[in-house]
Amino acid sequence: MMVQAEALTNGAAVGCTMRLTEPLSLWGGTDDSGRIVDPHHPQYGAVLVGRVLLMESGRGSSSSSSVLAEQIRSGAAPAAIVLARADGILVLGAIVAAELYGLAVPILVVEPQRHADIPGDLVVRVRASSSGGTITW
Amino acid sequence: MSRTQLILTADEARMLHGADGDGVALAMRVLVGLSRALGASRLVEITSAHVDSCLYHGKVSLDFANRLVELGGSVRVPTTLNVGSMDLLHPGLVRTKTDTEREVALKGRQLMSAYLALGCQATWTCAPYQLPGRPALGEHIAWAESNAIVFANSVLGARTDRYGDFLDICAAITGRAPFSGLQTDEARRGTAVFDCGALGRDFLQTELAYPLLGHYVGSVAGAENPVLVGIPTDVSEDRLKAFGAAAASSGGVAMFHVVGVTPEAATLEHALQGRPPQSTREVGREVLRATRAELSTFSSGRLDAVSVGTPHASYAECELLADLLREGPPIHRDVAFYLSTGRATLAQAEQSGVLRILESAGVTVVVDTCTYVTSILAPGLKNVMTNSAKWAHYAPGNINVDVVLGSVHECVASARLGHVALDNSLFVEGPP
């Protein structure tokens, strides 16, 4: 199976998907080790490190750019992020991490209906470049 | 999937390819990357920037600023700086007892220096609109920090979108921002109407009305643009500041209209750009009484500290506090009283004698940073009162305190007694 996507940042990754049932603010919502620490989030306690994160949209503080960049630097970030709506805050974090450390975390947007079709807890391959993106499994 | 093509001018393309140096090229790559992701068709020239990224969030904050400095980056528009992690004028106020506190104090100070090296102004305030030379109606700017964004868009009528960390300084270095979001006419249309007429003129003359109204409206409106109807036309900028900061914290509000007051809302139709609203609600006092309860994690008993001035207190607010404290009983010896303000306002208060009155009454004045973003309150201080809905929203999570929201009058009365004294008669429904 393959889903076409829009690529917000470039990169490639292979990882197991994790679907968040609600949007998450990385600032205040995750810690240095990539764990969800927002007690109001239904997936409180889950660890996002190395996962292909399926989340409809980001939420909350504009400092989430710094938090994502810091997690990418330290190896505590998701392997890729697949959204249903573009999010400039997350994009900034990934762009800066790529500039500073040469570490690429692809961020993609898939239209909402197809986004819901991507399976959770399954290993997928993500590719994103200036010509577009794909998620295959 | 199709995507809007980003078209750069010849100058912008040259900047991207390094004609103005590697620092500009790096800033341009970040800007172009974001603009493409947002689907912007072009960039827009800006006249000023306000940088929020000078607050320390870990190694990446410092690495990014230092990289721009090493590459010879320098701002090309007037650029003010938001609060940092240190009070540079009173460094002893920031605690350095733990390893984390020492790291934040040291790296936070290095980060603040790096931004000065990029040519930003040492304003260190979250209320840059209190400084001279603020942007005018219709000016395109790149301001970060949620309360500064909402004030610039709504009260000044300048245009900035909600920008995340890193974009602010890249905009300052290139003089450009993505032409998208609130930079465009369409996104500035009011969509969610809140009729405040039933609150009554007396209630709407009180200070407490505005942080409560802001928190409520933000939590209902989310990322919509609220339009307030029925607000007295002589409402002060400080009250609009309190409203906007609260609405930006509880929701994602980056622009609001007050009919008859803010520059893009001469009439309701003007604010709505001639189209029908998506929703209309009436606001009554009961919902604001409930909002105070929701924002407070305690409501009576012992008080350890008071913190006012988030966003930074204006000179008028410093003067009001000095007037309340000039005479009358002293602040209780077990209550610490903090006022946060910008260093420019501090200088004005020093010159006029207002600072002397505040300090002799026992008020500790904090500048360059804020009491909820760094370690200032002593560890034993648990029960804190504030007149800021933004402080009340963030402080329990950020610095592990309990909080109660009150007007500055209630803050002073409670600080004198050493325990919380709220005036709930305010919320009794009266004739409008």
Side-chain angles (χ1 to χ4, degrees), chain A residues 3-10 23 25-29 32 37-40 57-74 76-77 83 85-101 103 107-111 114 128 130-134, chain B residues 1-4 25-27 29-40 52-53 55-68 71 82 100 111 143-146 149 161-170 178 180-181 222-223 248-252 254 373 393-394 397-398:
Chain A
V3 172
Q4 298 286 338
E6 184 182 346
L8 302 186
T9 63
N10 296 342
S25 171
L26 297 189
W27 186 82
D32 295 346
V37 293
D38 174 356
H40 307 293
S57 70
R59 117 175 336 163
S61 169
S62 55
S63 293
S64 289
S65 345
S66 289
V67 172
L68 178 60
E70 186 70 18
Q71 288 173 346
I72 295 173
R73 180 192 71 78
S74 68
L83 302 165
R85 286 200 299 279
D87 182 330
I89 304 285
L90 295 175
V91 166
L92 280 167
I95 292 175
V96 166
E99 282 287 344
L100 289 179
Y101 312 115
L103 297 170
I107 303 181
L108 301 90
V109 175
V110 173
E111 58 185 68
R114 300 305 308 276
S130 49
S131 57
T134 54
Chain B
M1 290 169 81
S2 68
R3 168 197 276 175
T4 312
L26 166 54
R29 285 198 296 279
V30 174
L31 191 55
V32 163
L34 178 70
S35 299
R36 288 198 171 123
L38 294 176
D52 185 49
S53 306
L55 184 67
Y56 185 73
H57 286 294
K59 188 169 183 295
V60 68
S61 324
L62 195 53
D63 285 350
F64 187 63
N66 282 342
R67 174 70 64 89
L68 288 169
L71 296 178
N82 205 58
T100 308
L111 186 63
W143 280 20
E145 207 292 313
S146 64
I149 292 168
D161 205 21
R162 288 179 71 223
Y163 293 126
D165 284 9
F166 309 125
L167 191 275
D168 42 20
I169 186 63
C170 293
S180 60
S249 306
S250 62
V373 299
H393 182 77
Y394 284 118
N398 274 11

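Note that the structure is predicted; figures quoted are calculated from it, not measured.
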Fill in: Heavy-atom pair count under 4.5 Å with chain A, highest-scoring of B:C170, B:G164, B:S146, B:G397
B:G164
Identify which part of [X] has an atom lying under 4.5 Å from any heavy atom of chain A, answering side chain, backbone, both or neither.
X	answer
B:Y394	side chain
B:N398	side chain
B:L38	side chain

Worksheet item: Would you say the side chains of B:Y163 and B:D52 form a donor-acceptor pair under 3.5 Å?
Response: no
Fill in: Pair A:D87, A:S57: side-chain N/O donor-acceptor within cut-off below 3.5 Å
no
Fill in: Pair B:R29-A:E99, salt bridge (charged side-chain N to carboxylate O under 4.0 Å, His left out): steps then yes or no
CA-CA 9 Å; B:R29 285 198 296 279; A:E99 282 287 344; 2.4 Å; yes
Worksheet entry | Residue from A:I89, A:I95, A:V96 passing side chain to side chain contact (heavy atoms under 4.5 Å, CB included) with B:F166 | A:V96
Practice prompt. Determine, for A:E111 against A:R114, whether the closest basic-nitrogen to carboxylate-oxygen distance falls under 4.0 angstrom.
Written response: no
Response to the item:
Assert top hit (heavy-atom pairs under 4.5 Å, partner chain B, pool A:S66, A:S74, A:A97) equals A:S66
